[in-house]
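To start, the structure under review is shown below, and the notes come after it.
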Protein chains: 2
Amino acid sequence: MTDNTKALLYKKITDLTEMAQPSLDKLFEASSRRELSKGEIILKQGQICKNIVFVEKGYLRTIIDKDGIDINTDFTFENNFTTNLKSLRSSTPSDTTIQAGEPAIIYEFDKEKLLKLYKVSQEIESFGRKLLEQLLIAQEEHTNLFKLFTPTERYHFLQTNKPQIIQRISLSQISSYLGVARETLSRIRKKG
Amino acid sequence: MTDNTKALLYKKITDLTEMAQPSLDKLFEASSRRELSKGEIILKQGQICKNIVFVEKGYLRTIIDKDGIDINTDFTFENNFTTNLKSLRSSTPSDTTIQAGEPAIIYEFDKEKLLKLYKVSQEIESFGRKLLEQLLIAQEEHTNLFKLFTPTERYHFLQTNKPQIIQRISLSQISSYLGVARETLSRIRKKG
DNA sequence: CACTACCTGAGACAAAAGTCACAAAATGCG
DNA sequence: CGCATTTTGTGACTTTTGTCTCAGGTAGTG
């Protein structure tokens, strides 16, 4: 497990929690590398989610089909994890689809393998807990965007706090992520 | 630990994860019971959050001060946990205030004690992880409310999925929770 | 019961956002 | 490069929501 391509993943894990080499090795063994072409789907609405995904390169979009149109609920860039936790946890059909927004390289962590590792290794379960903490904090922040800010303020928030979204995602997709019509976001952008 | 008043808490924990009696005892020892009068504050914006709270009776409201007015970001009813995870985790000033919306009985779990228990007991760390999973799933659902639904639809969602909020929370407070003006929610309610 | 503080309902108007239609620009591909 | 496809910008109009204001209602308190 001295795979150079896992550099980001390695750093992510060790930044999150202290972990001795044997646990690290086990954790890496639960994952498998995968290359995605643009638009490729790794989880389809209705399917049961079976893994947690780390993005090494490119980005993933999480979308919900609402009356035939795609609503972007999340974007996962390099050096971040994503999944559909609800589906993963309870083995129920996913209400989201996850697909590559660009050609991407990801590592998929198999749920069953992870659950076994949680039982065997305290360090790995600790990693799981801390990862969830991080995801939950990000999610809370995102929810509050909608309660505290107007659409214009939300866009400006992205500009200063999530520049990657502005730079790499199309206006149409950002608009559904912000919960406004495409035209509205176009006008917001025009004003500055 | 055969304290009858902890009945809900006991059930909550054992529903979430299997836990042998010694771990349960340790976990209970990390908590302390507290009675709150209506309006009493347990975490103030700017303070550092030091515990996770379980609501045994009554409810808590989580609020953010935005330009001098209170925005309700969350309500925690009986049989649920809450905290400000961001502040708890990184010992930074909380951006939220948590106060009792009714006379309440809560159990506060001390952060430092919990962290120690996590290291000692795999069962307790597992409980922590599963609790976070549950909180994250709820949070995701809540965020999607704003991306997928109009204000009217959001209110109807609460009616069918979170009736407690409709029944126990005032219209003014629900309105900021849904990100709309008080008058708008009043009109929505009027239409049915 | 009377007083206060708070909450809700309602009207009038202003502001913002959504919708529809179409033009312009950018992108991808042979 | 030229063509087709997708994305973005813009205007006109409709609908929704916000803001301001005030009246009526409710709950709690002494």
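All chains are named by letter (A, B, ...) in the order of the sequence lines, taking the proteins before the strands, and each is independently numbered beginning at 1.
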For the pair made of [atom1] in [X] and [atom2] in [N], what is the distance, rounded to whole Å?
{"X": "B/I174", "N": "C/dG9", "atom1": "CD1", "atom2": "C1'", "result": "15 Å"}
{"X": "A/L178", "N": "C/dA16", "atom1": "CG", "atom2": "P", "result": "18 Å"}
{"X": "B/E183", "N": "C/dA10", "atom1": "CD", "atom2": "P", "result": "13 Å"}
{"X": "A/R182", "N": "C/dT19", "atom1": "CZ", "atom2": "P", "result": "12 Å"}
{"X": "B/I169", "N": "C/dT8", "atom1": "CD1", "atom2": "P", "result": "11 Å"}
{"X": "A/I69", "N": "C/dG18", "atom1": "CD1", "atom2": "P", "result": "12 Å"}
{"X": "B/I188", "N": "C/dG9", "atom1": "CD1", "atom2": "P", "result": "12 Å"}
{"X": "A/L171", "N": "C/dA26", "atom1": "CG", "atom2": "C1'", "result": "13 Å"}

*Would B/I106 end up clustered with B/F54 when hydrophobic side chains under 4.5 Å apart are linked, directly or stepwise?*
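They do not share one cluster, since no chain of ILVMFWY contacts under 4.5 Å joins B/I106 to B/F54.
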_Nearest-neighbour nucleotide for the B/S170 side chain, C/dC20, C/dA17, C/dT8 considered_ = C/dT8
*Which nucleotide, C/dG9, C/dG11, C/dA21, lies nearest any side-chain atom of B/R187?*
C/dG11
*Can A/E183 and A/R187 be counted as an ion pair, charged N to O under 4.0 angstrom?*
no
_Residues A/E56 and A/R33 bridged, charged N to O under 4.0 Å_ = no
*Kindly state whether the ring of B/Y177 and the ring of B/H142 have centres lying under 6.0 angstrom apart.*
yes
*For B/Y59, ring-ring contact (aromatic ring centres under 6.0 Å, His included) partners two or more places apart*: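 Result, ring-ring contact (aromatic ring centres under 6.0 Å, His included) vs B/Y59: B/F77.
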_Any non-hydrogen side-chain atom of A/L178 less than 4.5 Å from a side-chain atom of A/L158?_
yes
*asked:* If you define the side chain from C-beta out and look only at heavy atoms, does anything of A/N79 sit under 4.5 Å from A/V55?
replied: no
*Side-chain donor-acceptor pair present, A/K111, A/S91, cut-off under 3.5 Å*: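 Per modelled atom types, A/K111 and A/S91 side chains form a pair under 3.5 Å.
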*Can you tell me if A/D25 and A/Q21 form a side-chain donor-acceptor pair at under 3.5 Å?*
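Yes.
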*asked:* Please tell me if B/S172 has a side-chain N or O lying less than 4.0 Å from either OP1 or OP2 of C/dC7.
replied: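 B/S172 to C/dC7 OP1/OP2: no side-chain N or O under 4.0 Å.
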*Relative to the 5' end of DNA chain D, which residue comes earlier, B/K38 or B/G179, by the nucleotide with the nearest heavy atom?*
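On the 5' side of the pair lies B/G179.
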*asked:* What residues from residues 143-153 of chain B pass a heavy-atom cutoff of under 4.0 Å to DNA chain C?
replied: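 By residue number: none to list.
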*asked:* Could you tell me the boundaries of the chain A footprint on DNA chain D, defined by atoms under 4.0 Å from its heavy atoms?
replied: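 Endpoints of the contacted stretch of DNA chain D: D/dT8 to D/dA12.
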